[in-house]
Peer 1: 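Sharing a structure below in structure tokens format, with a few things to ask.
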Amino acid sequence: TSTLDYARALTAHFKGEVIDGRFGLIERTLASTDATLLIVAAPHPRTSAWLSSAGDPFVRHLTVPVLFVPELTQGAM
């Protein structure tokens with residue numbers, strides 16, 4: 001199941017809306033919505049490059065809760 005599918009299933013329970021913000025600046029996407037939660041695909045295993053460019057900045061600078069959903073990379077099991 002993809003992170004987007006997970007987000008859709010989760011928001012269906014709360015009658016929410018999913019906005020796919022993968023292809024734009026996350027700050028701009030959040031500013032243009034009333035988002036209350038950000039669901040982010042997190043690679044597994046996590047790399048230091050991903051942590052420094054995505055994971056850490058999301059946790060430090062965003063004003064909404066962040067849920068990291070593990071995405072298995074091919075061959076990682």
Side-chain angles (χ1 to χ4, degrees):
T1 302
S2 74
T3 301
L4 193 54
D5 292 335
Y6 182 82
R8 287 183 179 125
L10 182 63
T11 58
H13 292 284
F14 302 101
K15 296 185 170 88
E17 178 184 356
V18 173
I19 297 170
D20 185 353
R22 291 177 291 176
F23 305 108
L25 295 174
I26 193 63
E27 294 86 355
R28 188 173 297 152
T29 301
L30 289 173
S32 66
T33 68
D34 291 324
T36 56
L37 176 67
L38 176 65
I39 299 176
V40 176
H44 184 76
R46 287 167 189 76
T47 64
S48 58
W50 182 85
L51 286 171
S52 64
S53 67
D56 186 56
F58 283 162
V59 172
R60 288 178 182 257
H61 303 292
L62 294 180
T63 59
V64 297
V66 180
L67 175 62
F68 292 102
V69 177
E71 292 266 324
L72 292 177
T73 55
Q74 195 127 19
M77 279 209 132

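Reckoned from all heavy atoms, side chains included, excluding hydrogens, waters and symmetry mates.
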Peer 1: Check the hydrophobic clustering (I, L, V, M, F, W, Y; side-chain heavy atoms under 4.5 Å; chains of links allowed) and say if Phe14 and Tyr6 are grouped together.
Peer 2: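 The answer is yes; both residues are in one hydrophobic cluster.
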
Peer 1: Closest heavy-atom contact between Ala42 and Arg46?
Peer 2: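 Distance-wise, the nearest heavy atoms are CB-NH2, 3.9 Å.
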
Peer 1: Step by step, would you call Glu71 with Thr3 a side chain to side chain donor-acceptor pair (under 3.5 Å)?
Peer 2: CA-CA 7 Å; Glu71 292 266 324; Thr3 301; 2.4 Å; yes

Peer 1: Could you tell me the separation between the CH2 atom of Trp50 and the NE2 atom of His44, rounded to the nearest 0.5 Å?
Peer 2: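 It comes to 12.0 Å.
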
Peer 1: About how many Å separate CG of Leu67 and CG of Leu38, when rounded to the nearest 0.5 Å?
Peer 2: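 The CG atom of Leu38 sits 9.0 Å away from the CG atom of Leu67.
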
Peer 1: Going by side-chain contact (heavy atoms from CB on, under 4.5 Å), Thr11 matches just one of Thr36, Leu37, Val18. Which one?
Peer 2: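 That would be Val18.
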
Peer 1: Looking at every heavy atom in both Ala54 and Pro57, which two are closest together, and how far apart are they?
Peer 2: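 Nearest pair, atom of Ala54 first, then Pro57: O-CD, 3.3 Å.
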
Peer 1: Are Phe58 and Leu4 connected in a single hydrophobic cluster, I mean Ile/Leu/Val/Met/Phe/Trp/Tyr linked by side-chain heavy atoms less than 4.5 Å apart?
Peer 2: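 As far as the 4.5 Å side-chain criterion goes, Phe58 and Leu4 are not connected within one cluster.
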
Peer 1: Taking the side chain as every heavy atom from C-beta outward, state whether Thr33 and Glu17 have any atom pair closer than 4.5 Å.
Peer 2: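 Sidechains of Glu17 and Thr33: no contact.
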
Peer 1: Side-chain contact test, heavy atoms from C-beta onward, threshold under 4.5 Å: evaluate it for Phe68 versus Ile39 and give yes or no.
Peer 2: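 A side-chain contact under 4.5 Å is absent here.
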
